[in-house]
2 protein chains.
Amino acid sequence: MEKGIKRRNTQQRKVILDILRSTNTHPTADWIYEKARQYIPNISLGTVYRNLKILKDEGLIIELNDGKQSRFDGRVDRHFHFKCLSCNRIFDIETTDVVSINEEKLKEEGYHITGYEISFTGLCSHCQQEKN
Amino acid sequence: MEKGIKRRNTQQRKVILDILRSTNTHPTADWIYEKARQYIPNISLGTVYRNLKILKDEGLIIELNDGKQSRFDGRVDRHFHFKCLSCNRIFDIETTDVVSINEEKLKEEGYHITGYEISFTGLCSHCQQEKN
DNA sequence: GTATATGCAAACAATTTGCACGCCT
DNA sequence: AGGCGTGCAAATTGTTTGCATATAC
């Protein structure tokens, strides 16, 4: 939040960011914690949460709302998500031009839109096959 | 979940649904609980949660994800939401034709889309004025 | 009458925080 | 050396659940 904080580059934060950048599974804090323990055995869950918040504030990761649990994404370029209703996994959608928003209409209604989020739901290709 | 359950029409459930249908503020469970106590003073928070789940299963209300808290909406026709980043209130967007999705592209990528959710963010008209 | 719904309180799950110590810079 | 970051555990917050009783049908 504050501007004047001098951040230190800690091992913990580096490891957490690396973990998030090397997966596309949109993991939970707990999953990241377990993974991080492979590199820093005595890292604490509180530290994971604190660093996730910092990384998010710095714009290096994104926080996703998945029910009451947060999930995290190391990919920060504009992209959409797809959640499979069968296996509950979240996938990245690679195509970027799947959505178009009529900003004029929204402005007419009095809203100053600065952003939006879309999440698609359905069946992933793996679960589609399983249904047969 | 089960099909064969015979539901009873309880006062509690009726009051909760009425409350949700007479507001457009997308309240939390706790807000609904406080409001419901005006009509049924000894209603419990657990009952509010249980009935919200039932009403949602029956398609009479919608559950919204707002951070780690759930919010509820008695309006079930297709509509989008706008969240003001300043006052954190959630508004209904009345225009329905603000978004178009290219379903073909999505199908090509292997996803069988059955639904999607959009939420817009920005400044509501009230907070826009306050910034001056 | 009978089984579903309730109130209450305890249990849970995800996340946050206070504190003394550790380790970047 | 100084102060931000850490580990640990306890605290908080939002939600769920077990149980005995109440009530809709």
Side-chain angles (χ1 to χ4, degrees), chain A residues 1-20 25-58 60-73 88 90, chain B residues 1-20 25-58 60-73 88 90:
Chain A
M1 301 275 168
E2 289 285 344
K3 260 296 170 66
I5 305 170
K6 251 180 257 173
R7 294 230 185 279
R8 293 177 185 175
N9 282 326
T10 63
Q11 273 304 305
Q12 285 83 344
R13 181 142 65 246
K14 240 177 281 186
V15 165
I16 290 168
L17 184 55
D18 280 351
I19 288 171
L20 273 173
T25 59
H26 312 87
T28 61
D30 205 66
W31 188 95
I32 296 165
Y33 168 60
E34 292 300 340
K35 194 87 176 176
R37 293 217 290 174
Q38 297 173 11
Y39 304 94
I40 306 174
N42 66 332
I43 193 175
S44 77
L45 186 54
T47 293
V48 171
Y49 274 107
R50 275 186 285 237
N51 278 299
L52 287 171
K53 182 159 291 179
I54 290 170
L55 290 168
K56 182 188 168 191
D57 282 349
E58 292 179 342
L60 296 172
I61 67 172
I62 289 172
E63 183 174 5
L64 309 178
N65 258 143
D66 184 35
K68 71 204 45 168
Q69 253 194 306
S70 280
R71 293 181 170 274
F72 298 89
D73 194 344
N88 287 320
I90 294 174
Chain B
M1 302 278 169
E2 288 285 344
K3 261 295 170 65
I5 306 171
K6 250 180 256 172
R7 295 233 184 276
R8 294 177 183 174
N9 282 326
T10 63
Q11 272 305 304
Q12 285 85 343
R13 181 143 64 247
K14 239 177 281 186
V15 165
I16 290 168
L17 184 55
D18 280 351
I19 288 171
L20 273 172
T25 59
H26 312 87
T28 61
D30 205 66
W31 188 94
I32 296 164
Y33 167 60
E34 291 300 338
K35 194 87 177 178
R37 294 216 290 174
Q38 296 173 12
Y39 304 95
I40 306 174
N42 67 333
I43 193 174
S44 77
L45 186 54
T47 293
V48 171
Y49 274 106
R50 276 186 285 238
N51 279 299
L52 287 170
K53 182 158 290 179
I54 290 170
L55 290 167
K56 181 188 168 190
D57 282 350
E58 292 180 342
L60 296 172
I61 67 172
I62 289 172
E63 183 173 5
L64 309 178
N65 256 143
D66 184 35
K68 73 204 44 166
Q69 255 194 305
S70 279
R71 293 181 170 274
F72 298 89
D73 194 345
N88 287 320
I90 294 175

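Within every chain, numbering begins at 1; the chains are lettered A, B, ... in the order of the sequence lines, protein sequences first and strands thereafter. Only a predicted model underlies this, so the values are computations on that prediction, with no experimental measurement involved. What you see below is based on every heavy atom in this structure, not just the backbone, and it leaves out hydrogens, waters and symmetry mates.
Listed nucleotides: C:dT6, C:dG7, D:dT15. Nearest to the side chain of B:Thr10: C:dT6. Comparing C:dA5, C:dT25, D:dT15 by their nearest atom to the side chain of B:Tyr49 picks out D:dT15. For A:Arg50, taking side-chain heavy atoms from C-beta onward, the closest of the listed nucleotides D:dG5, D:dT16, C:dG18 is C:dG18.
Two residues, B:Asn9 and B:Thr28, neighbour DNA chain D, and the one matched to the more 5' nucleotide by heavy-atom proximity is B:Thr28.
At a threshold of 4.0 angstrom between heavy atoms, the contacts of A:Asp30 with the nucleic acid are absent. Residue-level contact check: B:Arg13 touches the backbone only, with heavy atoms under 4.0 Å from sugar-phosphate atoms and none from bases. At the heavy-atom level, A:Ser70 lies under 4.0 Å from the strands shown only through sugar-phosphate atoms. Contacts of A:Ile43 with the nucleic acid, taken as non-hydrogen atoms under 4.0 Å apart, involve only primed sugar atoms and P, OP1 or OP2.
Between B:Lys53 atom NZ and D:dT17 atom C1' there is a gap of 10 Å when expressed in whole angstrom units. Taking atom CD1 of A:Ile32 as the reference point, atom C1' of C:dT15 lies 13 Å away to the nearest angstrom. Distance, B:Lys14 NZ to D:dT23 P: 15 Å, rounded to whole Å. Going from atom CG of A:Asp66 over to atom C1' of C:dT15 covers 16 Å, rounded to whole Å. Distance, A:Gln12 CD to C:dC23 P: 9 Å, rounded to whole Å. Whole-Å rounding puts the B:Asn51 CG to C:dT6 C1' distance at 9 Å. One can place OH of B:Tyr33 at 16 Å from P of D:dT16, the figure rounded to the nearest angstrom. Separating the CD atom of B:Glu63 from the P atom of D:dT15 is a distance of 8 Å, rounded to the nearest angstrom.
Judged purely by atom type and a 3.5 angstrom limit, B:Arg13 uses its side chain to pair as donor or acceptor with the backbone of B:Arg8.
Scanning all heavy atoms of the two residues, the minimum distance from B:His26 to B:Ile90 falls at ND1-O, 3.0 Å. Nearest heavy-atom pair, A:Leu20 versus A:Phe72, reported as atom, atom and distance to 0.1 Å: CD2-O, 3.7 Å. Listed here is the closest heavy atom pair of B:Ile19 and B:Ile32: CD1-O, 4.0 Å. When all heavy atoms of B:Asn65 and A:Asp66 are compared, the pair lying nearest together is OD1-C, 4.5 Å.
Between D:dT16 and A:Lys68, a contact under 4.0 Å exists linking OP1 or OP2 to a side-chain N or O.
Between the side chain of B:Arg8 and the base of C:dA3, at least one donor-acceptor pair of N or O atoms lies under 3.5 Å. The base of D:dG14 lies outside donor-acceptor range of the side chain of B:Arg71, with no N or O pair under 3.5 Å. In the interface, the side chain of A:Arg37 is not paired with the base of D:dG7 through any donor and acceptor atom under 3.5 Å apart.
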